[in-house]
Amino acid sequence: MTEKTFMTTEELAQKLRYDPRYIRNCLKDAVFLEGVHYIRPFGRRKILYIWEAIERDLTRDFSRKSELIPMANGGVCRG
């Protein structure tokens with residue numbers, strides 16, 4: 001099993017150089033998906049981000065935009 005690095009919102013913000021509020025309000029559930037980029041241990045409120053998944057998607061080539069369907073609210077559907 002691959003080791004995963006779990007980070008709090010504040011630790012992730014420091015690593016990415018973003019404000020923690022921006023991660024909570026804009027990136028969570030829009031860019032970062034529950035079960036892929038973050039988990040809620042024991043079904044609680046606390047959120048732990050998975051660094052390896054975030055790093056993988058940060059460096060991924062998104063030139064294949066045909067897989068993304070734009071939504072009216074400005075988000076995308078990963079169809």
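Count residues from 1 along the sequence.
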**OP:** Sequence neighbours left out, what passes salt bridge (charged side-chain N to carboxylate O under 4.0 Å, His left out) with Arg40? Give chain and number order.
**Re:** Glu34
Original post:
Which residues pass the salt bridge (charged side-chain N to carboxylate O under 4.0 Å, His left out) test with Arg21, sequence neighbours left out?
Top reply: Asp19
Subject >> Pairing residues for Tyr18 by the ring-ring contact (aromatic ring centres under 6.0 Å, His included) criterion, not counting sequence neighbours >> reply: Tyr22
**OP:** Specify the closest pair of heavy atoms between Glu11 and Phe6, including all atoms of both residues, with the distance to one decimal.
**Re:**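 Nearest pair, atom of Glu11 first, then Phe6: OE1-O, 4.2 Å.
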Subject >> Sequence-distant partners of Val36, side-chain contact (heavy atoms from CB on, under 4.5 Å), two or more places apart >> reply: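 Once residues adjacent in sequence are excluded, the partners of Val36 under the side-chain contact (heavy atoms from CB on, under 4.5 Å) criterion are Leu33, Arg56.
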With a cut-off of 3.5 Å and sequence neighbours excluded, list every side-chain donor-acceptor pair involving residues 42-55.
unit_1	atom_1	unit_2	atom_2	d
Glu52	OE1	Thr5	N	2.8
Glu52	OE2	Thr5	N	3.3
Glu52	OE2	Thr5	OG1	2.7

Subject >> Cluster link Ile23 to Met7, ILVMFWY, side chain under 4.5 Å >> reply: yes
Subject >> Check: Asp57 and Phe32 side chains under 4.5 Å, non-hydrogen atoms >> reply: no
